[in-house]
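By convention in this document, chain letters (A, B, ...) are assigned in the order of the sequence lines, proteins followed by strands, and residues within each chain are numbered from 1.
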Amino acid sequence: MKKGDHLFLVDGSGFIFRAFHAIPALNRKSDGLPVNAVSGFCNMLWKLLRDARNTDVGVTPTHLAVIFDYSSTTFRKEIYPLYKANRSAPPEDLIPQFGLIRHATRAFNLPCIETEGFEADDIIATYARQAEAVGADVTIVSSDKDLMQLLTPNVHMYDAMKDKQIGIPDVIEKWGVAPEKMIDLQAMTGDSTDNVPGIPGIGPKTAAQLLEEFGDLETLLARAGEIKQIKRRENIIANAELARVSRQLVELRTDVPLDMKLEDLVLEPQDGPKLIGFLKAMEFTTLTRRVAEVCDCDAGAIDAAVVPVEWGDAARGPDLDAGDVSTSSDTATSALSAASSSAPAASPDGKTPADLAASRANAFAGKPIDRSAYVTIRDIETLELWIAAARETGLVAFDTETTSLDPMQAELVGVSLAIQDNVLSPGSTDIRAAYIPLTHKTGVGDLLGGGHAEGQIPMKEALAALKGLLEDPSVLKVAQNLKYDYLVMKRHGVTLQSFDDTMLMSYVLDAGKGNHGMDGLSEKWLGHTPIPYKDVAGSGKSSVTFDLVDIDRATAYAAEDADVTLRLWLVLKPRLAAEGLTRIYERLERPLVPVLAHMEERGITVDRQILSRLSGELAQKAAATEDEVYELAGERFNIGSPKQLGDILFGRMGLPGGSKTKTGQWSTSAQVLEDLAAEGAPLPRKIVDWRQLTKLKSTYTDALPGYIHPQTKRVHTGYSLASTTTGRLSSSEPNLQNIPVRTAEGRKIRTAFISTPGHKLLSADYSQIELRVLAHVAEIPQLRQAFADGIDIHAMTASEMFGVPVEGMPSEVRRRAKAINFGIIYGISAFGLANQLSIERSEAGEYIKKYFERFPGIKDYMESTKAFAREHGYVETIFGRRAHYPEIKSSNPSMRAFNERAAINAPIQGSAADVIRRAMIQIEPALVAAGLSERCRMLLQVHDELIFEVEDEAVDAAMPVIVDIMENAAMPAVSMRVPLKVDARAAHNWDEAH
DNA sequence: CCCCAACCGTA
DNA sequence: GTACGGTTGGGGG
C-alpha cells in the first residue's frame, strides 16, 4: 500500500445491528429464515463497490476489509469486569444472521477479519493508523461515535445507511470537540450501552465545555479544584479514578496483532457467479438481478449456493419452519400468515401480492437516497418536462411547502414532485425528485431582506401547469397526509383528483403499531432519516417560515419528502393487497379525505360575544369560589396545583381516605374529592366546583375565540384520520369533540356554536350504537330483541339481572345496569366497575358473574376476541378494519390485561366508527342526488353524531335523507342483526339541536 | 423552551 | 374498564 491508495474499513459488527433494527423483519426467506440484516448488509456493500467503479464519486477504494467482533470477551473486561455487562443477548432473529453475513462478505470476495480478544473497533484503529503511516487515505464505513476518535485529515468516516460523510467538522459540530478529544469526552460522559461508567452527571455538553477550558482529561483531573461549580467540582474529584478507567475502555488499541497485512486487503475483482449463488440462496431477487446485469452473468444459469445456517440456539429451529409462522405477532409473520390465508391468488407469472410486497420492501430497505441528485425547477419549460414525464408514468408523488401547519392559514411556498425515472432516464428504476420554489423570499440577513427571490416560476403560471396534472384523473397523485395538501391546493384553486395517501395506507395496515408520520415510516421501511424540518427552518424563537428558507436547502428538504413518499407508496401499496386490506383502504379510508377536507374548510360559527359573556361569569364565580376555598383552608395557596392541594387536604388538614398516585403524590381527582365531600368535609366540594369553572373558562370560553379564522370568521377544527388505534377520528386545534354537554354550566358553551342567519344547525346522532354493535357481534338474543322492540336497554339489562320489573324500576338499579353495559364495552374488570359505582370489588365481581350468566354470549365474545388477538396480534371490526395489539402477550400481567380490554373494546368502538365513516362518505352524494348539496352542509363529527348547517327551508327535506343514510350505513357491506337508530333535531345553536 | 404528570372535557 | 386532546403546574435545562 502506498500514498494515493484508499483503504475502506467496514465496521461489520456495527452494521449488522443497525441494519437489523432499521430494516423490518419482513425480510425473511420463504422458509422463514430472517435475513433483514443480511439484506441491508449486502445492499450496502453492493452500493459501496458500485460507487467504487464510478470515478465521478472521487472516493475509490483500492483496498477494503470488513471487520467483525470475535466475541464479547476482550481485554476491556479485564480492565473493568462490568464492561458491556448490561448487554442482553442478541435478538433471536439476529443470531443466524451473524454467520450469514460472514458468508456474504466472502461471497463479495472481500476479506473478513476478526481477532480474538479485540473488538472490531481496535482492529479498525490498527489498520487505519498503519495505512495512514504509509501515506494512504482511509475511510471507515460506520457511524459509531466510538470510532470518531480516529478521524484525521487522512482518515474519514462514512455513514453508509444515511449516505453521509462524517468529517472532522461534523464531529466538532456534533460533540463540541475535535476527534482527538473524543477519547477524553467519552471517558467523562461514559456510555450506558457499553456500561462505561464515566463521571456521573457529566453529559456531552459539560464535558466539551470542560475540555475547552482545561485542554484534556488529565489536566482537568489535576486542576479540578479550580472548577467553580461546587457540586461539579466535588463530583469530578470523587470520580477521577472512574474517569481514568473509562478512558482506558474507550481508547482504541492500535497494536492489535493482525494476520492479514495491508497488502492482503487489496480490492479483488468481483466474482459474479459466486456472489449470485449466495444472493440466490438468500432469495434477494432485486439484488441478484442487478448484480447479474453489472457482471454480465446469466443469473438463471447459476444455482443457489448452499449456505449453512448456524442457529446459535438449537431450540430455535423447528418453529421457524415453513408453514408454522402464525403464532408470532410481529410484522413479518402476520404479513406472511395473512398472505397465506386470505390473500388473493397468485397472478399468472406466479408472483403473489405477498411476493411483490416482500420484494418491494426488500428493494427499498436501506436503499440509499442521493439528495444531491434533486433538481430545483426554476423555469416553466422544465416544469412542463416533469409534468409530461409524470403523465407518461401515470404516477407522481407530490408535496406542498407552505408557511403554516394549519392548512386553513397556509400560503403555498413551493411544490415538490417525485417520479419513477424510466421516462427521464430510460431503463432506470430509480426515482427522480424536484422542487419548484414559488414564493421564496430573500434571506432576512440580506440588506434587501424580505424581497421576492430570483429564479422562481410565477405562481400563477406554475399553478396553471400543475393544475392540469393534479386534476387529471388518469395520473395517480401520491402524498403523505394528503388531506393537508388537498386543502392547501383547494384554497389555491386546484381540486385534486385520483390520489393515494401513504399515511392512510400505513394506518390501515399497521394501526396500533406506532405513528404513521413520514419520518417514522421512512425509518421503518426505507432505513432512511429524512432531514428534520427544524434543520432547515430552525425551531422555537429562532424558527422561520418556509418562504425564508434558502432555495437550495429547501430543495433538499422538499424534494426528499416527495422522494420518500413515492418510495413508501411503492413499499406499502402491494402490502394492502397482500394483506387483504385494499377494500378497507379504498372504501373506508381514502374517500374520507375530501369529505373531511371540506368539513374543515367550512368550519362553524362560534359567537365571540356569548363566549366573552360566559367567560366573565365564570371568572366571577371562580373568584368567589376561590375565596371560599381559602377561607375554609385557612390559608392561600395555588388551588390549581394538585401537589399543594394534596398537602393541604391530607397533610395539614388531615382528612381521611387519601390515596396516592403512581408517583407517590396524594390523589386529588374529582372522584377522591367527591368521596371526601360525601364524608361531610366542605372544602373538597368547593375545589370540585372551582375546577369545573376554571376548566370551562380556560379550555373553552377563553381558548375558542383564538381559533376564529381572521378571514372566514369561523372555527376550523382539524380532523386526524390516522391517530387512533380503533378507527375513530380525532379532532384538534380546537378539539370540537369534547365540547361540554353533561352539566348545565358546561352546556352553555354549546349555545355559542350557532348557525348563520337563515340556517339551522342539524344534529343527527346514533342511539346506543356501540351496544347495538355488541348485540350484533356477540349475538345476544335479549339485547337484539330489546333493540328490535325499541325498549330501554339499560332497564332491560337491570330487569334481566336483578329480576326487577321495568315498570317502576328504581333509578339506582338502572344506573348500575347502565354502568355494567358500558363496562362490558370497555372490556370490564371488577376493579373498574367497583371504582365507577363506588362499591366493593367483590360486589362488582358478583355483578359481572351474574351478567355473564344471564348473557353467556358476551363471555364467549370476550374470550374468543382475546384468543383471536393473541393468535393474530390484532382484532378486526365487522368491516375488516384491523387494530393491532403487539403487547397482547406481554409477560407483565397488568399490561397484558390492559391490552386484552383494549382488544375487546376495539371491534365495538371501531365498528361503530366504521359505520359513521360510511355514512359520512355516502352523505355528500346523497345530498347532491336530493338537490340539497348547496343548502345542507356537513360541518362536524363527534364519534356518533354529525352536525350540519342547513337552510331553514331545507331542514325538513334534509333530515330524512341524513337519517336514512346513517341508519343504513352498514349496508350492504354488513347486514346488521339489530337496527341502527338515529335521532335528529335542528335549532339555531348546538345546545338546542343536540 | 421542552417534557411529563395530573386532571378533565367528550364519545 | 375503552378511545382521544388541551390546560396547568412543576421540574429540568
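- Across all strands, A:Glu945 comes closer than 4.0 Å to no nucleic acid atom at all (heavy-atom distances).
- Distances shorter than 4.0 Å separate none of the side-chain N or O atoms of A:Gln665 from OP1 or OP2 on C:dG9.
- Residue A:Ala670 is in sugar-phosphate contact alone, with no base atom involved, counting any heavy-atom pair closer than 4.0 Å across all strands shown.
- Counting non-hydrogen atoms under 4.0 angstrom, A:Ile824 reaches nothing in the nucleic acid.
- A:Ala703 comes within 4.0 angstrom of sugar-phosphate atoms only, judged by non-hydrogen atoms across all strands, and of no base.
- Residue A:Ser698 places no side-chain N or O under 4.0 Å from the OP1 or OP2 atom of C:dT7.
- On the nucleic acid side, DNA chain B contacts chain A at distances under 4.0 Å to non-hydrogen atoms, with the end points of that region at B:dC1 to B:dA11.
- Here the nucleotide nearest the side chain of A:Ser723, chosen from C:dT2, C:dC4, C:dT7, is C:dC4.
- Under a 3.5 Å cut-off, the side chain of A:His709 and the backbone N or O of A:Arg714 do not form any donor-acceptor pair.
- A:Arg742 comes within contact range of at least one nucleobase, with a heavy-atom separation under 4.0 Å.
- A donor-acceptor pair is defined here as one N or O able to donate and one able to accept, closer than 3.5 Å; no such pair exists between the side chain of A:Arg814 and the backbone of A:His794.
- Using a 4.0 Å heavy-atom criterion, one finds that A:Gly823 contacts the bases of the nucleic acid, with or without backbone contacts as well.
- Ranked by how close their nearest DNA chain C nucleotide is to the 5' end, A:Gln644 and A:Ser731 are led by A:Ser731.
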